[in-house]
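See below for the structure under consideration.
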Amino acid sequence: MIKSPETYQGKQVIVTSDRLIFNAREDSIFSSNSTIAFSTNKDFHISTDEGDNGRFVVNSPKIHLGVVKNNAKLADNPAVKGQELERLLNDILNHLDQLYNVVLPTLHQITTLPGLPTVPSPANTGLISPLVASLKSFKGRIKEIKSKNVYIK
């Protein structure tokens with residue numbers, strides 16, 4: 001476990017100044033066989049430039065966003081993948097639109113004798129069965145909207 005910057009942990013280089021600037025003409029690499037930790041008492045900023053070409057890339061099998069203090073567990077709520085959620089919600093809404101505006105108005109009721117209660121016609125099965133199958137498909141797609149990589153609190 002990494003100790004606070006004020007705690008001595010063996011061989012170290014300590015630089016104390018009012019401001020530090022590392023300015024590379026090409027690129028910079030920070031590398032470690034273990035952990036790289038940044039600590040601040042206030043804000044932490046990362047900026048990129050080059051307009052639409054600027055990128056902030058995090059290459060990690062899992063990303064946990066959330067406050068972790070005193071060995072609290074990491075964020076475990078998977079982030080939602082926006083495009084997948086949008087597609088699923090549009091499919092569900094289109095499905096409901098078809099149900100209310102196409103199927104329900106065309107359902108038939110039959111009776112065996114006048115005056116007896118009506119029952120759904122067997123002809124309705126052909127209208128309803130595909131919609132029921134689609135709903136089962138939608139339920140199966142719900143897991144697709146959760147990220148396997150990014151977790152938030």
Side-chain angles (χ1 to χ4, degrees), residues 1-5 7 9 21-153:
M1 173 161 175
I2 295 180
K3 299 177 183 174
S4 69
T7 305
Q9 291 180 255
I21 298 174
F22 297 95
N23 188 22
R25 288 188 175 85
E26 292 295 322
D27 60 5
S28 299
I29 297 173
F30 296 92
S31 178
S32 172
N33 284 333
S34 185
T35 303
I36 294 178
F38 293 94
S39 176
T40 178
N41 289 329
K42 199 171 175 194
D43 300 333
F44 184 80
H45 298 254
I46 297 174
S47 300
T48 65
D49 207 345
E50 295 192 26
D52 291 342
N53 294 324
R55 302 279 190 269
F56 175 68
V57 177
V58 177
N59 186 7
S60 175
K62 294 238 176 156
I63 300 165
H64 296 266
L65 304 174
V67 177
V68 179
K69 288 187 176 180
N70 301 326
N71 294 325
K73 73 178 200 173
L74 294 173
D76 60 359
N77 188 17
V80 173
K81 298 189 288 184
Q83 293 171 341
E84 287 79 356
L85 177 59
E86 183 179 13
R87 279 193 296 270
L88 179 58
L89 291 175
N90 279 323
D91 287 347
I92 291 170
L93 292 173
N94 290 336
H95 189 77
L96 290 172
D97 184 57
Q98 183 179 3
L99 176 66
Y100 287 118
N101 294 306
V102 176
V103 174
L104 290 179
T106 61
L107 289 180
H108 302 286
Q109 299 289 327
I110 59 172
T111 184
T112 53
L113 296 171
L116 290 179
T118 60
V119 294
S121 168
N124 294 341
T125 303
L127 296 170
I128 295 173
S129 292
L131 295 172
V132 171
S134 292
L135 281 176
K136 287 182 182 178
S137 167
F138 297 153
K139 284 183 180 181
R141 289 172 47 202
I142 288 175
K143 289 187 179 192
E144 294 175 14
I145 67 174
K146 297 190 299 185
S147 173
K148 292 175 178 56
N149 306 89
V150 179
Y151 295 84
I152 58 176
K153 275 194 168 191

Seminar exercise, completed: Taken in chain and number order and not counting sequence neighbours, the residues that satisfy side chain to side chain donor-acceptor pair (under 3.5 Å) with N53 are none
Problem set entry | Donor-acceptor pair, side chain of N94 and main chain of N90, under 3.5 angstrom | yes
Seminar exercise, completed: Looking only at heavy atoms, the pair that brings P78 and S147 closest together is CB-O, 3.4 Å
Exercise. Which residues satisfy the salt bridge (charged side-chain N to carboxylate O under 4.0 Å, His left out) test with E84, sequence neighbours excluded?
Worked result: R87
For this session: Give the minimum heavy-atom separation between V150 and L65, together with the two atoms involved.
Result: CG1-CD1, 4.2 Å
For this session: Keeping to residues at least two apart or across chains, list the ring-ring contact (aromatic ring centres under 6.0 Å, His included) pairs with something in residues 39-62.
Result: F38-F44
For this session: Ignoring hydrogens and angles, tell me if any N or O in the side chain of N149 forms a donor-acceptor pair with the backbone of K62 under 3.5 Å.
Result: no
Problem set entry | Those residues that, when tested against F22, pass ring pair (Phe, Tyr, Trp, His ring centres under 6.0 Å) (two or more places apart) | none
Exercise. Could you state the interatomic distance from CD1 (I36) to CG (N33), rounded to the nearest 0.5 Å?
Worked result: 10.0 Å
For this session: Could you name each residue pair satisfying salt bridge (charged side-chain N to carboxylate O under 4.0 Å, His left out) that touches residues 138-148, not counting sequence neighbours?
Result: D91-R141
Seminar exercise, completed: CG of D97 to CD1 of I92, rounded to nearest 0.5 Å, is 13.5 Å
For this session: Give every residue pair that meets the salt bridge (charged side-chain N to carboxylate O under 4.0 Å, His left out) criterion with at least one member in residues 29-47, sequence neighbours excluded.
Result: none
Problem set entry | Heavy-atom check, side chain of H95 versus side chain of L131, under 4.5 Å | yes
